Amino acid sequence: MHVSELSAVPEWLPEHLGGEGIEELYPPQADAVDAGVTEGESLVASVPTASGKTLIAELAMTASVARGGKALYIVPLRALAGEKRAEFETFEQYGLTVGVSTGNYDSDGEWLATCDIIVATSEKVDSLVRNDAPWIDQLSCVVSDEVHLVDDGHRGPTLEVTLAKLRQRNPGLQTVALSATIGNPEILADWLDAELVDSTWRPIDLKKGVHFGQAIHLEDGEQHELGVRDGEKPTAAIVRDTLDDEGSTLVFVNSRRNAEAEARRLTSTVEGALTADERDRLADIAAEIRDVSDTETSSDLANAVEEGAAFHHAGLASDHRELVEEAFRDRLLKVVSATPTLAAGVNTPSRRVVVRDWRRYSGEAGGMEPLSVLEVHQMCGRAGRPGLDPYGESLLLAKSHDELDELFDRYIWTEPEPVRSKLAAEPALRTHLLATVASGFAGSRSGLLEFLDRTLYATQTDEGGRLERVMDSMLDYLVANDFLERDGDDLTATSLGHTVSRLYLDPMSAAEIVDGLEHADERPTALGLFHLVSRTPDMYELYLRSGDREEYTMIAHEHETEMLGSVPSEFEERWDDWLSALKTASMLDDWASELDESTITDRYGIGPGDLRGKVDTAEWLLSAAERLAGELGLEWAPAVREARTRVAHGIRTELIDLAGVRGVGRKRARRLFENGIEGRADLRDAEKSVVLGALRGRTKTAENVLENVGRSDPSMTDVEPAGSVAVAGDGSDENDQSSLGEF
DNA sequence: GCACACACATCGTCTGCCTATGGCA
DNA sequence: AGACGATGTGTGTGC
């Protein structure tokens, strides 16, 4: 189908697509049009990655907007929201407006209401529904990207419930669900009353295979000798072979440590293939990486990048990740070894993909578990760059002949698993039952059952009793904790219940926080509050490593009086969880005591990305705690607020006032304080020369700071810095604010 | 015969990912 | 369960 044959799309679209080099639709796209996506028909598209799913969404959304509607594009990751926005922004020249709403980034609420296309994460959409965003009712088209994630035990139910709510609120809503190839797309189509496009077509050929010994065995029967050198690991041999063909390789491994070790090893394979120009550009990127953070992780990454290799995992700061992704797309990096972050995240295609480890440790299983077929296929799907490579190749590694056969059976010749709803689980229902009642989607037990009937779970299960059983036990829990009131069949949310739902807290987290704050006899300390929020289910835990048990048991005894709620005994089952929450709390306390980022990451065995994540979550939970304290009329709200501000900026109490000034973070605040400027009032009255001296003679910075604090004459012209302008050689004042917590 | 470097064996340790508020100085 | 890396042991070489 040619783009000029498209019906019901805005008139500018065919030409626009032509301008992007799109003349002929890919077969799945043509099928989608035949099924009526441009005419408002709901659709499930189960197609491989990189085979034009986004265009299907764009056809549906622009057509819907042209008819006077409004479209919502739901993504699973924040990082993808940015990527999609950039793609949709090309429509702005035709008068469409695009807005983004995620946890860390929000277009202005009123402006969102006027946007034609809104991009948001599923949790954000859920939250917007709970908080009655006015534009929800105006939606005419919703696109759900990576909808197979409804299978995810933790986040899947949110997507499932949110889609059900949107469809209930808006019966005419066009639903376009985009999925990876899965075993049972018909059930999704059934659930969403949608047409189905199920295709394995790809714009570039993908050859899957297994490496064993000296050879690569491809699925089409082709074999390829590799010439593995003496003592060379298979991964290195494959990377070298790809390099001979001027291609790059993506290696998936099963742990962060493995990712880092593999990258380090592969530098020796890759290094020789770099041109002088590439070396220069990589050196620049390495410098940028070092600027992001001065932790060991950061410098290890920079060292590898200088030699053309990199690792990628969630311990990296997001700036690190972006730098790596970009350098890999620009073909400067010849190999990246990554944990699954990269398989699900932004688009980073590669000539070859190696799935080095196909088993991963699982605590519950007590050992290594094989990856799902879907997951391996998602990784393999990253092979082949459209327009650059003739084909993509993805390889699994076998260590024995038996394993070779097993891998073919397990992953190459096997369809992905069917997707199954995970809604009938306690944590999911606890949260979503409360939200469903609180936001008015159901007002009784029977109403809830009716609502749940609109979910995938109901479409899928033949065991209706299970959901009902879990539901009843969760309703009991919600009533017992004063989130819901029950009167016969009727259910209403209490004012506390409403608050919890709007705050987007897991009710169990809220119950824990309320209990801790209600029973505090004295003003809680920061450590006590950090521990309180660290032990809620909304904060995931740090691992206890060997030696930690003794160390934190000692700390627990030392600070016993500060701890909120009952302290379990060492022989109770919840002791370990309680202790690892203490480890998290102690890490937050270090951060809020102005310890260096590198000291903290070193002490707790984490990466800069982990620290940022924990700080972020703590900040969010403490704001929620502050609201709960206010709601319940508890006297500790100011203490909670103080702890929140301290962790948000990473500062001790005495800097709170200064850090409230935009442009002043933990380091600048501390230096101002040391120079006798102890608060905003001081800053307004201080000698300019002192301010300039404290800010290391940075004129521009000093001017901005003075302006932000509301000083009428911020100019630093002709001002000489006072005192010792300890520029300390590095002069990297940009990095001064530390990489954390500054938005 | 000794010092040193290197190869190999042993033992202990550790193990993926991600989202979420709201309103103001 | 199994890989990494730190530590320990054994072997070979050169002086």
Side-chain angles (χ1 to χ4, degrees), chain A residues 74-81 101-104 106 109 120-131 133 146 149 152-159 162 231 233 252-262 264-265 312-316 318 321 338-345 356-372 375 378-379 399 431 435 499-506 509-510 536-540 543-548 605 609-610 613 616-617 619-628 630 641 644-645 657 660-662 680 708-710:
Chain A
I74 305 177
V75 290
L77 300 174
R78 289 174 181 177
L80 289 172
S101 185
T102 65
N104 60 350
D106 222 336
T121 54
S122 34
E123 284 76 11
K124 186 66 183 190
V125 177
D126 186 15
S127 158
L128 288 165
V129 171
R130 294 185 190 191
N131 288 286
E146 313 282 351
L149 292 171
D152 180 284
H154 187 53
R155 297 181 59 205
T158 304
L159 179 58
T162 301
K233 299 235 176 184
F252 285 106
V253 298
N254 65 2
S255 76
R256 293 177 178 190
R257 197 170 57 161
N258 284 338
E260 297 188 13
E262 190 70 86
R264 195 183 325 118
R265 264 201 309 271
H312 189 286
H313 59 63
L316 297 179
S318 55
R321 293 199 231 173
T339 58
T341 14
L342 210 58
R356 197 195 76 175
D357 305 327
W358 57 278
R359 281 186 275 228
R360 178 164 57 218
Y361 179 83
S362 148
E364 293 136 57
M368 304 301 272
E369 277 196 314
L371 304 185
S372 73
E375 204 173 343
Q378 290 274 91
M379 294 174 184
K399 282 178 224 58
T431 300
T499 304
V500 170
S501 166
R502 281 199 303 266
L503 288 172
Y504 212 78
L505 282 177
D506 182 330
S509 298
T536 65
D538 278 308
M539 177 91 84
Y540 60 98
Y543 299 107
L544 284 183
R545 301 191 299 175
S546 70
D548 281 355
D610 300 301
D616 229 32
T617 309
E619 190 188 342
W620 164 53
L621 287 171
L622 285 166
S623 339
E626 187 190 342
R627 284 280 303 253
L628 289 173
R641 185 179 190 80
R644 195 208 86 177
T645 312
D657 191 38
V661 180
R662 211 150 48 86
R680 282 184 251 190
N708 290 338
V709 79

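In what follows, every chain begins at residue 1, and chains take the letters A, B, ... in the order their sequences are listed. Since this is a predicted model, take the numbers as computed values, not measurements.
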Atom-to-atom span, [atom1] of [X] to [atom2] of [N] - whole angstrom:
X	N	atom1	atom2	result
A/R627	B/dG23	CZ	C1'	9 Å
A/K124	B/dA20	NZ	P	7 Å
A/E123	B/dA20	CD	P	6 Å
A/R130	B/dT21	CZ	P	10 Å
A/E619	B/dT19	CD	P	16 Å
A/D126	B/dC18	CG	C1'	15 Å

Would you indicate what [X] reaches in the nucleic acid, counting non-hydrogen atoms under 4.0 angstrom: base, sugar-phosphate, or nothing?
X	result
A/D506	nothing
A/T617	base
A/L77	sugar-phosphate

message = For A/K124, run the side-chain hydrogen bond (donor to acceptor under 3.5 Å, both in side chains) check against A/T102, A/D106, A/T162 and tell me which one passes.
response =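 Only match with A/K124 under side-chain hydrogen bond (donor to acceptor under 3.5 Å, both in side chains): A/D106.
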Which atoms form the tightest heavy-atom contact between [X] and [Y], and what is the distance?
X	Y	value
A/D610	A/G315	OD2-CA, 3.6 Å
A/D357	A/N258	OD2-ND2, 3.9 Å
A/H313	A/T341	CA-OG1, 3.6 Å

Point-to-point distance, once rounded to the nearest 0.5 Å, from [atom1] of [X] to [atom2] of [Y]:
X	Y	atom1	atom2	value
A/L342	A/R321	CG	CZ	9.5 Å
A/R257	A/E260	CZ	CD	10.0 Å
A/N254	A/E369	CG	CD	12.5 Å

Report yes if some heavy atom in the side chain of [X] is under 4.5 Å from a heavy atom in the side chain of [Y]; otherwise report no.
X	Y	result
A/Q378	A/E146	yes
A/I74	A/L159	yes
A/L505	A/L621	yes

task = Heavy atoms under 4.0 Å is the rule here; annotate nucleotides 6-17 of chain B 5' to 3' with B where the base is hit, S where only the sugar-phosphate is, and - elsewhere.
result = -------SSBBS
request  = Extract the stems that DNA chain B is part of, considering only consecutive pairing runs of at least three Watson-Crick or G-U wobble pairs, both distances under 3.5 Å.
outcome  =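 Counting only runs of 3 or more consecutive pairs, the stems involving DNA chain B are B:1-15 with C:1-15.
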task = Ignoring backbone atoms, test whether A/N131 places a side-chain nitrogen or oxygen under 4.0 Å from the OP1 or OP2 oxygen of B/dG22.
result =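 For B/dG22, OP1 or OP2 has a side-chain N or O of A/N131 closer than 4.0 Å.
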ask   = Within the pair A/S623 and B/dG22, is there a side-chain N or O less than 4.0 Å away from OP1 or OP2?
value =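 No, outside the criterion.
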request  = Give the intermediate values and the outcome of side-chain contact (heavy atoms from CB on, under 4.5 Å) for residues A/K233 and A/R356.
outcome  = CA-CA 11 Å; A/K233 299 235 176 184; A/R356 197 195 76 175; over 6 Å; no
inquiry  = Distance check, P atoms only: B/dG16 and C/dA3, in whole angstrom units.
reply    =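 Per the computed distance, 15 Å lies between those P atoms.
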task = Check every nucleotide of DNA chain C for an atom under 4.0 Å from a heavy-atom of chain A, then give the first and the last such nucleotide from 5' to 3'.
result =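 Range of nucleotides within reach of chain A: C/dA1 to C/dG5.
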Check: A/D538/A/S509 side-chain N/O donor and acceptor closer than 3.5 Å =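 Present: a donor and an acceptor within the cut-off.
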